[in-house]
Trainee: 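If you scroll down you'll find the structure; I have some questions about it.
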Amino acid sequence: MAVRALVTGGGGFLGGLIVKGLLEGGDEVRSFSRGSYPHLKRMGAETIVGDIRDGSAVEQACRGVDVVFHTAAIAGIWGPWQQFFAVNVVGTENVLAACQRHGVGRLVYTSSPSVTFEGGDQINVDESVGYASKWLCHYPHTKAIAEQRVLSANQKEGLLTCALRPHLIWGPGDPHLIPRIIERARRGQLRRIGDGTNLIDTVFVENAAEAHIQVSRRLTRESPVAGRAYFISQGEPVNCWDWIDQILELAGLPPLEQQMSFRLAWTIGTWMERAHQVFRIGSEPRMTRFLASQLAHSHYFNLDRARADFGYAPRVSLKEGMSRLAASF
């Protein structure tokens, strides 16, 4: 049965594909984003321009919908706490309040696996792992706060909630991960961190979008989905540095040759963070403790819960995704 859906951050990389998937499924879709995205209108979506931090704007956007996909967030490894908190936490609180006020039945929240990351290896981790007890940057900290508030709101005021944790979203049209890798390599600012053997999970953007739509269909009072969080990935861990070299090859760049120990990268990141704070440098440090830890350690996840609870299975394989990425280059 067709539903009326709202996608916050509908103009974004993931949000745009959720909008597209919902429209193709026959649903009515409203997008709420900071900017104007004419291509969404051409696809058939209603578009609203607004700020997730504006409670009244969010309330208007949630009026008359059945399900909300909350993808809007500020990501990154550097920046002021107030900015991350206002968008990721207060913005999510605004969405929750608006859903409850207008009797929205379902809310699917886009979280991150980094809410469980404490700086070490995560090998075949499942959802029984707790939230991190220490934080290396503001993004995972604020996403963890927001996720907990979303899940604790489950079955309050008639609202059912769940959270998905897609890891390293990529694909054609990616404005974040792939361009960042290529740009750093072109500037000579990218090098292997650690021993080069760490395995990581990623997720092709279409698989991440389909997971959101799929879990929303299963979000009922009788389903185990309600009130739960799920890791989402390809289910095919790859060697981090081999995968990066493949991306560089697509961009016509040579493979990485320079290498740095994790301990040295951590030390450099520590001093760079301090320097940026002391001298109030607004730009992102070239290295941080969080970035060093992510690049040097394994982080891949067990998908059994997602498979069992809502039938998640990546439709686009890693090989097929890389072929599509190559074609986009």
Side-chain angles (χ1 to χ4, degrees), residues 1 3-10 12 14-15 18-19 21-22 27 29-32 52-53 55 58-73 85 87-116 126-131 140-167 208-232 301 303 305-312:
M1 184 175 67
V3 300
R4 295 164 296 176
L6 168 69
V7 181
T8 70
L14 172 63
I18 294 175
V19 170
L22 290 166
D27 296 322
V29 184
R30 178 183 298 160
S31 168
F32 181 84
I52 201 70
R53 296 169 294 183
V58 174
E59 183 177 325
Q60 289 299 315
C62 287
R63 189 186 299 272
V65 301
D66 305 306
V67 57
V68 172
F69 298 85
H70 180 34
T71 76
F85 187 85
V87 174
N88 294 345
V89 179
V90 176
T92 299
E93 290 174 340
N94 288 339
V95 171
L96 285 169
C99 285
Q100 292 170 341
R101 180 178 180 85
H102 292 297
V104 177
R106 292 171 284 158
L107 170 63
V108 178
Y109 173 67
T110 306
S111 186
S112 165
S114 62
V115 301
T116 66
D126 64 22
E127 291 83 0
S128 64
V129 67
Y131 294 102
H141 191 180
T142 53
K143 292 295 285 185
I145 295 171
E147 181 186 286
Q148 290 175 83
R149 295 188 182 177
V150 166
L151 298 182
S152 67
N154 181 56
Q155 301 209 35
K156 293 182 179 178
E157 305 294 330
L159 179 65
L160 301 176
T161 68
C162 69
L164 297 188
R165 300 168 176 172
H167 192 52
E210 289 179 5
H212 281 71
I213 297 171
Q214 190 176 25
V215 78
S216 75
R217 309 294 194 205
R218 300 288 184 91
L219 188 49
T220 65
R221 292 188 181 278
E222 297 76 23
S223 169
V225 168
R228 278 188 161 183
Y230 297 89
F231 291 117
I232 298 295
F301 307 93
L303 305 183
R305 175 186 281 188
R307 293 187 183 106
D309 287 2
F310 62 96
Y312 174 68

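In this chain, numbering begins with 1 at the start of the sequence shown.
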Trainee: Could you check if a side-chain atom of Phe32 sits within less than 4.5 angstrom of a side-chain atom of Ile52, using non-hydrogen atoms only?
Mentor: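 A side-chain contact under 4.5 Å exists here.
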Trainee: Scan residues 214-227 for pairs that pass salt bridge (Lys or Arg N to Asp or Glu O under 4.0 Å), counting only residues two or more places apart or in two chains.
Mentor: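 Applying salt bridge (Lys or Arg N to Asp or Glu O under 4.0 Å) to every pair that reaches into residues 214-227, excluding sequence neighbours, yields Asp27-Arg217.
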Trainee: In terms of the angle between their ring planes, are Phe301 and His167 parallel, tilted or perpendicular, with boundaries placed at 30° and 60°?
Mentor: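 Rings of Phe301 and His167: perpendicular, over 60°.
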Trainee: Only one of Leu6, Val58, Thr92 passes side-chain contact (heavy atoms from CB on, under 4.5 Å) with His70; say which it is.
Mentor: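 The option that passes is Thr92.
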Trainee: Do you know which two heavy atoms are closest between Leu219 and Cys162, and how far apart they sit?
Mentor: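 Distance-wise, the nearest heavy atoms are CD2-SG, 4.1 Å.
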Trainee: Can you run down the salt bridge (Lys or Arg N to Asp or Glu O under 4.0 Å) pairs that involve residues 89-98, sequence neighbours left out, and say none if there aren't any?
Mentor: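 Checked against salt bridge (Lys or Arg N to Asp or Glu O under 4.0 Å) - neighbours excluded - the pairs reaching residues 89-98 are Glu93-Arg149.
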Trainee: Apply side-chain contact (heavy atoms from CB on, under 4.5 Å) to Val7 and His212, showing your working.
Mentor: CA-CA 11 Å; Val7 181; His212 281 71; over 6 Å; no
Trainee: Hey, what do you get for CZ (Arg228) to CG (Asn154), rounding to the nearest 0.5 Å?
Mentor: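 Those atoms lie 11.5 Å apart.
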Trainee: Which heavy atom of Ala5 sits nearest to which heavy atom of Phe69, and what is that distance?
Mentor: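 That would be CB-CE1, 4.1 Å.
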Trainee: Residues two or more places apart in sequence or in another chain: which of them pass side chain to side chain donor-acceptor pair (under 3.5 Å) with Tyr312?
Mentor: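 So Tyr312 forms no side chain to side chain donor-acceptor pair (under 3.5 Å) with any residue.
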Trainee: Grab the two heavy atoms, one from Val104 and one from Cys62, that are nearest each other, plus how far apart they are.
Mentor: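 Smallest interatomic distance, heavy atoms only, reads CG2-O, 3.8 Å.
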Trainee: Are the side chain of Thr161 and the backbone N or O of Ala153 linked by a donor-acceptor pair below 3.5 Å?
Mentor: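 Answer holds: no.
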Trainee: Using 0.5 Å steps for rounding, measure from the CD atom of Gln214 to the CG atom of Leu164.
Mentor: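 These two atoms lie 9.5 Å from each other.
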Trainee: Is there side-chain contact between Val87 and Arg53, with heavy atoms separated by less than 4.5 Å?
Mentor: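 In short, these two side chains touch, coming nearer than 4.5 Å.
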Trainee: Arg30 and Ala61: which non-hydrogen atoms are nearest, and at how many Å?
Mentor: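 Heavy atoms of Arg30 and Ala61 come nearest at NH1-O, 2.6 Å.
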Trainee: Under 3.5 Å, is there a donor-acceptor pair between the side chain of Arg305 and the main chain of Ser128?
Mentor: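 No; zero donor-acceptor contacts below 3.5 Å.
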Trainee: Is there side-chain contact between Tyr109 and Val95, with heavy atoms separated by less than 4.5 Å?
Mentor: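 Not in contact.
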Trainee: Rounded to the nearest 0.5 Å, how far apart are SG of Cys99 and CG of Leu160?
Mentor: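 Spacing of SG (Cys99) from CG (Leu160) equals 11.0 Å.
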Trainee: Taking only residues two or more places apart in sequence or in another chain, which ones pass side chain to side chain donor-acceptor pair (under 3.5 Å) with Ser216?
Mentor: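 Counting only residues at least two positions away or on another chain, Ser216 forms no side chain to side chain donor-acceptor pair (under 3.5 Å).
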Trainee: If the condition is side chain to side chain donor-acceptor pair (under 3.5 Å), which residues does Asn94 pass it with, not counting sequence neighbours?
Mentor: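 Side chain to side chain donor-acceptor pair (under 3.5 Å) list for Asn94, sorted by chain: empty.
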Trainee: Taking the side chain as C-beta and beyond, is there a heavy-atom pair between Arg106 and Val3 under 4.5 Å?
Mentor: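 Yes, close enough: below the 4.5 Å cut-off.
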Trainee: Would you call Asp309 and Ser223 a side-chain contact if the rule is heavy atoms closer than 4.5 Å?
Mentor: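 No, too far: nothing below the 4.5 Å cut-off.
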Trainee: Please name the pair of heavy atoms, one in Ile213 and one in Leu22, separated by the smallest distance, quoted to 0.1 Å.
Mentor: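 Scanning both residues, the minimum pair turns out to be CD1-N, 3.7 Å.
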Trainee: Could you state the interatomic distance from NZ (Lys143) to CZ (Arg165), rounded to the nearest 0.5 Å?
Mentor: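 Going from NZ on Lys143 over to CZ on Arg165, the span is 11.5 Å.
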Trainee: Please check if the side chain of Gln100 supplies one atom and the backbone of Leu159 the other of a donor-acceptor pair under 3.5 Å.
Mentor: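 Absent.
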Trainee: Taking all non-hydrogen atoms of both residues, which atom of Val115 and which atom of Ala144 are closest, and how far apart?
Mentor: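 Looking at all heavy atoms of both residues, the closest pair is CG1-N, 3.5 Å.
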Trainee: I'd like to check the side chain to side chain donor-acceptor pair (under 3.5 Å) partners of Glu59; sequence neighbours left out, ordered by chain and number.
Mentor: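 Partners of Glu59 by the side chain to side chain donor-acceptor pair (under 3.5 Å) criterion, ordered by chain and then number, come out as Arg101.
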Trainee: When rounded to the nearest 0.5 angstrom, what distance separates CZ in Phe231 from OG in Ser111?
Mentor: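 Between Phe231 CZ and Ser111 OG, I get 9.0 Å after rounding to 0.5 Å.
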